A.B. asks: 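Structure below; questions to follow.
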Amino acid sequence: QVQLEESGGGWVQAGGSLRLSCAFSGRTASSSAMGWFRQTPEKEREFVAAIDWSGSSTYYADSVKGRFTISRDNAKNTMYLQMNSLKPEDTAVYYCAASRGLSSWSERLDYDFWGQGTQVTVSS
């Protein structure tokens with residue numbers, strides 16, 4: 001089992017920055033690939049970014065590439081999502097997720113464990 005808890009969400013003006021954190025725990029957490037997803041009431045949960053267990057490989061949705069950076073520190077049991085140049089369309093609840101084994105970085109169904117989510121609101 002892997003437990004996940006997000007923090008760092010909030011309100012920011014367009015063009016601003018936020019850093020989300022995901023604290024993880026559990027026997028296999030530090031060896032699990034992890035990712036960030038987001039969801040609004042109008043859309044299904046969508047992929048944002050993912051990172052392998054060591055932090056050496058990362059993958060991003062086209063909509064956030066060049067603006068968001070995913071990273072992790074296994075010594076601190078924490079994953080991060082640095083979000084810069086935020087846009088109103090980035091407004092969503094952001095979830096961190098962990099996978100026992102990925103076949104696709106962006107496939108929501110490949111992730112087995114989820115946090116409760118943190119709200120990010122970007123005003124224009």
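As the structure is a computational prediction, the values presented were derived from the model and not from experiment.
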A.B. asks: Hey, could you give me the CD1/OG distance between Ile51 and Ser57, rounded to the nearest 0.5 Å?
C.D. replies: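 That separation rounds to 8.5 Å.
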
A.B. asks: Is there any ring-ring contact (aromatic ring centres under 6.0 Å, His included) pair reaching into residues 21-48, and which pairs are they, with sequence neighbours excluded?
C.D. replies: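 Sorted pair list: Phe37-Phe47, Phe37-Tyr111, Phe37-Trp114, Phe47-Tyr59.
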
A.B. asks: Would a 4.5 Å heavy-atom cut-off, applied to side chains only, mark Tyr60 and Thr69 as touching?
C.D. replies: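 Yes, their side chains come closer than 4.5 Å.
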
A.B. asks: Mind checking the OG-CG spacing from Ser99 to Leu109? Nearest 0.5 Å is all I need.
C.D. replies: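 Here the interatomic distance stands at 11.0 Å.
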
A.B. asks: Just wondering, do Leu18 and Val120 contact through their side chains at under 4.5 Å, heavy atoms?
C.D. replies: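 Counting from C-beta outward, Val120 and Leu18 do come under 4.5 Å.
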
A.B. asks: Ignoring hydrogens, what is the shortest heavy-atom contact between Leu102 and Ala33? Give both atom names and the distance.
C.D. replies: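 In terms of heavy atoms, the two residues are closest at CD1-CB, 3.6 Å.
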
A.B. asks: Using modelled atom types only, decide if a donor and an acceptor are shared between the side chain of Asn74 and the backbone of Trp53 within a distance under 3.5 Å.
C.D. replies: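 Yes, because the side chain of Asn74 sits within donor-acceptor range (under 3.5 Å) of the backbone of Trp53.
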
A.B. asks: Can you run down the disulfide (SG to SG under 2.5 Å) pairs that involve residues 78-120, sequence neighbours left out, and say none if there aren't any?
C.D. replies: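 Output for this query lists Cys22-Cys96.
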
A.B. asks: Measuring from atom OG1 of Thr40 to atom CZ of Arg45, what distance do you get when rounded to the nearest 0.5 angstrom?
C.D. replies: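 One finds 11.5 Å between OG1 of Thr40 and CZ of Arg45.
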
A.B. asks: Do Val2 and Arg27 come within less than 4.5 Å of each other through their side chains, counting heavy atoms only?
C.D. replies: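 Not touching, per the 4.5 Å side-chain cut-off.
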
A.B. asks: Output side-chain donor-acceptor pairs under 3.5 Å for residues 78-90, partner residues at least two apart or in another chain, one line each.
C.D. replies:
from: Thr78; atom 1: OG1; to: Lys76; atom 2: O; distance (Å): 2.8
from: Gln82; atom 1: NE2; to: Asn84; atom 2: OD1; distance (Å): 2.9
from: Asn84; atom 1: OD1; to: Ser17; atom 2: OG; distance (Å): 2.9
from: Asp90; atom 1: OD1; to: Arg38; atom 2: NH1; distance (Å): 2.9
from: Asp90; atom 1: OD1; to: Arg67; atom 2: NH2; distance (Å): 3.0
from: Asp90; atom 1: OD2; to: Arg67; atom 2: NH1; distance (Å): 2.8
from: Asp90; atom 1: OD2; to: Arg67; atom 2: NH2; distance (Å): 3.4
from: Asp90; atom 1: OD2; to: Lys87; atom 2: N; distance (Å): 2.8

A.B. asks: When you measure from the side chain of Asn77 to the backbone N and O of Ser25, does any donor-acceptor pair fall under 3.5 Å?
C.D. replies: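 A pair under 3.5 Å: no.
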
A.B. asks: Do Met34 and Arg72 come close enough that some side-chain heavy atom pair is under 4.5 Å?
C.D. replies: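 Answer yes - side chains close enough.
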
A.B. asks: Linking I/L/V/M/F/W/Y whenever their side-chain heavy atoms sit closer than 4.5 Å, directly or via other members, would Ile70 and Val48 fall into one cluster?
C.D. replies: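 Hydrophobic grouping puts Ile70 with Val48.
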
A.B. asks: Above 12 or not: heavy atoms from other molecules or residues under 6.0 Å from NZ of Lys65?
C.D. replies: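 Count over threshold, so yes.
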
A.B. asks: Going only through I, L, V, M, F, W and Y residues with side-chain contacts under 4.5 Å, is there a path from Tyr94 to Phe113?
C.D. replies: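 As far as the 4.5 Å side-chain criterion goes, Phe113 and Tyr94 are connected within one cluster.
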
A.B. asks: Output yes when a side-chain donor or acceptor of Glu6 lies under 3.5 Å from a complementary backbone atom of Leu20, and no otherwise.
C.D. replies: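 Absent.
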
A.B. asks: Under a 4.5 Å cut-off applied to non-hydrogen side-chain atoms, are Thr118 and Val93 in contact?
C.D. replies: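 A side-chain contact is absent here, since even the closest heavy-atom pair is not under 4.5 Å.
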
